[in-house]
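What follows is a set of notes on a single structure, which appears directly below.
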Amino acid sequence: MNKHHRVALISGANKGIGRATAEQLAALGMTVLIGARDPHRGEETAAAIRAEGGDAHPITLDVTDPATIEAAASWIDGRFGHLDVLVNNAAITGSGQVSPQDAVDQIPSTVDLDMVRAVFETNVFGVIALTNALLPLLRRSPAPRIVNVSSGGGSLTIMSNPEGPMTALPASAAYSPSKTALNALTVQYANELRKDGILVNAAAPGYVATDINNHSGVLTPAQGATVVVHLATLPADGPTAGFFDANGPMPW
């Protein structure tokens, strides 16, 4: 199979880091599947990528809705018969479109438990549901890769440092723990799938200007997507069970 026929699915791909990842993978010759809850936005993104010469198709996908996951897996199977790359990018903070310093509803002592549940439903349980549904298709690839889009906020080492870069921000009882759980989940999948040649890693894109931080980040989505694309295109002897940013390994 040459790279032109490689197929990648990116969840939450109609904007931000997900869209930039899709654009970059398409530029490498992959067929990219634009997972989006809103089918119109998914089609707009796919059309824009096609206009630039890429091969892109929208897929209606809500990682909290089993019916859309099942339908997506069935469509991919019928259209391509396999999947080479899965990028679990879809995520929410729970606080809506606000800057991190304004996310005071994440403070542990006063956090709304329903908000925490909603965040984990998307950022953790949704990853499990989508990954498990697509594993049969990934197993048909000669070089399957899974990339879980995490965050520096999921690093216990970084977050527990009282003099670290996160000190000035409100404590996070929903988003950061969900990314810590995602990191742990990454290791568990990697350990199970290592024998099958499926490389599974977590990516920390950095502080990227996107909707979830009210575009207060300092990096562009294209810059944040760089590490995701790197992990999605690892060679056979590449790492697995790792956590990386654009500069290399991240502390857990």
Side-chain angles (χ1 to χ4, degrees), residues 7-22 32-39 41-42 45 58-77 83 85-97 103 106 111-138 144-151 153-154 172-190 192-193 198 200-205 208 210-213 224-225 228 231-232 243:
V7 181
L9 170 65
I10 305 99
S11 64
N14 62 285
K15 61 182 179 179
I17 296 167
R19 177 169 178 157
T21 298
V32 292
L33 309 179
I34 309 298
R37 289 180 295 181
D38 184 329
R41 292 183 178 181
T45 300
I59 290 187
T60 301
L61 179 62
D62 180 343
V63 299
T64 68
D65 182 352
T68 70
I69 292 175
E70 181 180 351
S74 178
W75 186 86
I76 297 169
D77 188 14
L83 184 67
V85 174
L86 170 61
V87 178
N88 285 306
N89 170 72
I92 61 172
T93 66
S95 298
Q97 190 170 331
Q106 299 267 339
V111 72
D112 182 342
L113 200 54
D114 286 339
M115 186 256 275
V116 179
R117 290 191 180 101
V119 171
F120 270 72
E121 192 68 42
T122 295
N123 299 5
V124 182
F125 306 145
V127 171
I128 297 173
L130 184 60
T131 301
N132 288 356
L134 295 176
L135 270 175
L137 294 169
L138 286 161
R145 306 289 179 258
I146 299 174
V147 185
N148 295 329
V149 179
S150 184
S151 166
S172 171
Y175 181 72
S176 287
S178 76
K179 293 301 187 178
T180 304
L182 180 62
N183 287 352
L185 193 62
T186 299
V187 173
Q188 297 303 317
Y189 271 111
E192 177 189 358
L193 301 174
I198 303 178
V200 189
N201 291 286
V208 178
T210 63
D211 283 355
I212 67 170
N213 58 41
V228 182
L231 295 173
F243 182 29

Test side-chain contact (heavy atoms from CB on, under 4.5 Å) applied to Ala13 - qualifying residues, sequence neighbours left out: Ile10, Ile34
In terms of heavy-atom contacts, Ser151 and Lys179 come closest through CB-CG, 4.0 Å
Check whether any side-chain heavy atom of Pro144 lies under 4.5 Å from a side-chain heavy atom of Val85, and answer yes or no. no
Write down the atom of Ala204, the atom of Phe243, and the distance for their closest heavy-atom approach. CB-CE1, 3.7 Å
Restricting to side-chain contact (heavy atoms from CB on, under 4.5 Å), what partner residues turn up for Glu70, sequence neighbours left out? none
Identify, with sequence neighbours excluded, every residue that meets side chain to side chain donor-acceptor pair (under 3.5 Å) alongside Ser95. Asp105, Gln106
Can you tell me if Ser150 uses its side chain to pair, donor with acceptor, with the backbone of Asn183 under 3.5 Å? no
Given side chains that start at C-beta, do those of Leu33 and Trp75 come closer than 4.5 Å, heavy atoms only? yes
Sequence neighbours excluded, which residues qualify as side chain to side chain donor-acceptor pair (under 3.5 Å) partners of Ser178? Asn123
Among residues at least two apart in sequence or on other chains, which ones pass side-chain contact (heavy atoms from CB on, under 4.5 Å) with Arg19? Glu23, Thr45, Ala48
Spacing of Leu137 atom CG and Leu83 atom CG [to the nearest 0.5 Å]: 6.0 Å
Heavy-atom nearest pair, Val32 first then Ala22, reads CG1-O, 3.5 Å
Heavy atoms, side chains only, cut-off 4.5 Å: are Ile69 and Leu61 in contact? yes
Ignoring hydrogens and angles, tell me if any N or O in the side chain of Thr131 forms a donor-acceptor pair with the backbone of Ile128 under 3.5 Å. no
CZ of Arg117 to CZ of Phe125, rounded to nearest 0.5 Å, is 10.0 Å
Nearest heavy-atom approach of Pro205 to Val149 is CG-CG1, 3.7 Å
Which of Val147, Ile146, Leu182 passes side chain to side chain contact (heavy atoms under 4.5 Å, CB included) with Asn88? It is Ile146
Which heavy atom of Gly153 sits nearest a heavy atom of Thr180, and at what distance? O-OG1, 4.4 Å
Candidate pair Thr93 and Val119, rule side-chain contact (heavy atoms from CB on, under 4.5 Å), full reasoning: CA-CA 6 Å; Thr93 66; Val119 171; 6.0 Å; no
Applying ring pair (Phe, Tyr, Trp, His ring centres under 6.0 Å), name anything that partners Phe120, two or more places apart in sequence or on another chain. none
Considering non-hydrogen atoms only, spot the tightest contact between Ala174 and Pro177 and give its length. O-CD, 3.4 Å
Hits for side-chain contact (heavy atoms from CB on, under 4.5 Å) against Ser176, two or more places apart or cross-chain, chain-then-number order -> Met159, Ser172
Does Asp112 have any side chain to side chain donor-acceptor pair (under 3.5 Å) partners at least two apart in sequence or in another chain, and if so, which? none
Apply the test side-chain contact (heavy atoms from CB on, under 4.5 Å) to residues Ser11 and Leu130: give CA-CA distance (whole Å), side-chain angles for both, the deciding distance (0.1 Å), then the verdict. CA-CA 9 Å; Ser11 64; Leu130 184 60; 4.1 Å; yes
Mark yes or no for whether Asn148, through its side chain, and Ala202, through its backbone, hold a donor-acceptor pair below 3.5 Å. no
Any chance the side chains of Asp62 and Thr64 put a donor and an acceptor closer than 3.5 Å? yes
By side chain to side chain donor-acceptor pair (under 3.5 Å) - contacts of Asn201 (at least two apart): none
For side-chain contact (heavy atoms from CB on, under 4.5 Å), just list the numbers for Asn14 and Asp38, CA-CA rounded to whole Å, side-chain angles, deciding distance to a tenth of an Å, and then say yes or no. CA-CA 9 Å; Asn14 62 285; Asp38 184 329; 5.9 Å; no
Could you please spell out the steps behind the side-chain contact (heavy atoms from CB on, under 4.5 Å) verdict for Ile17 and Asn89? CA-CA 8 Å; Ile17 296 167; Asn89 170 72; 4.1 Å; yes
Is it true that a side-chain atom of Thr68 and a backbone atom of Thr60 form a donor plus acceptor pair closer than 3.5 Å? no
Any chance you could measure Arg37, atom CZ, to Asp65, atom CG, to the nearest 0.5 Å? 11.0 Å
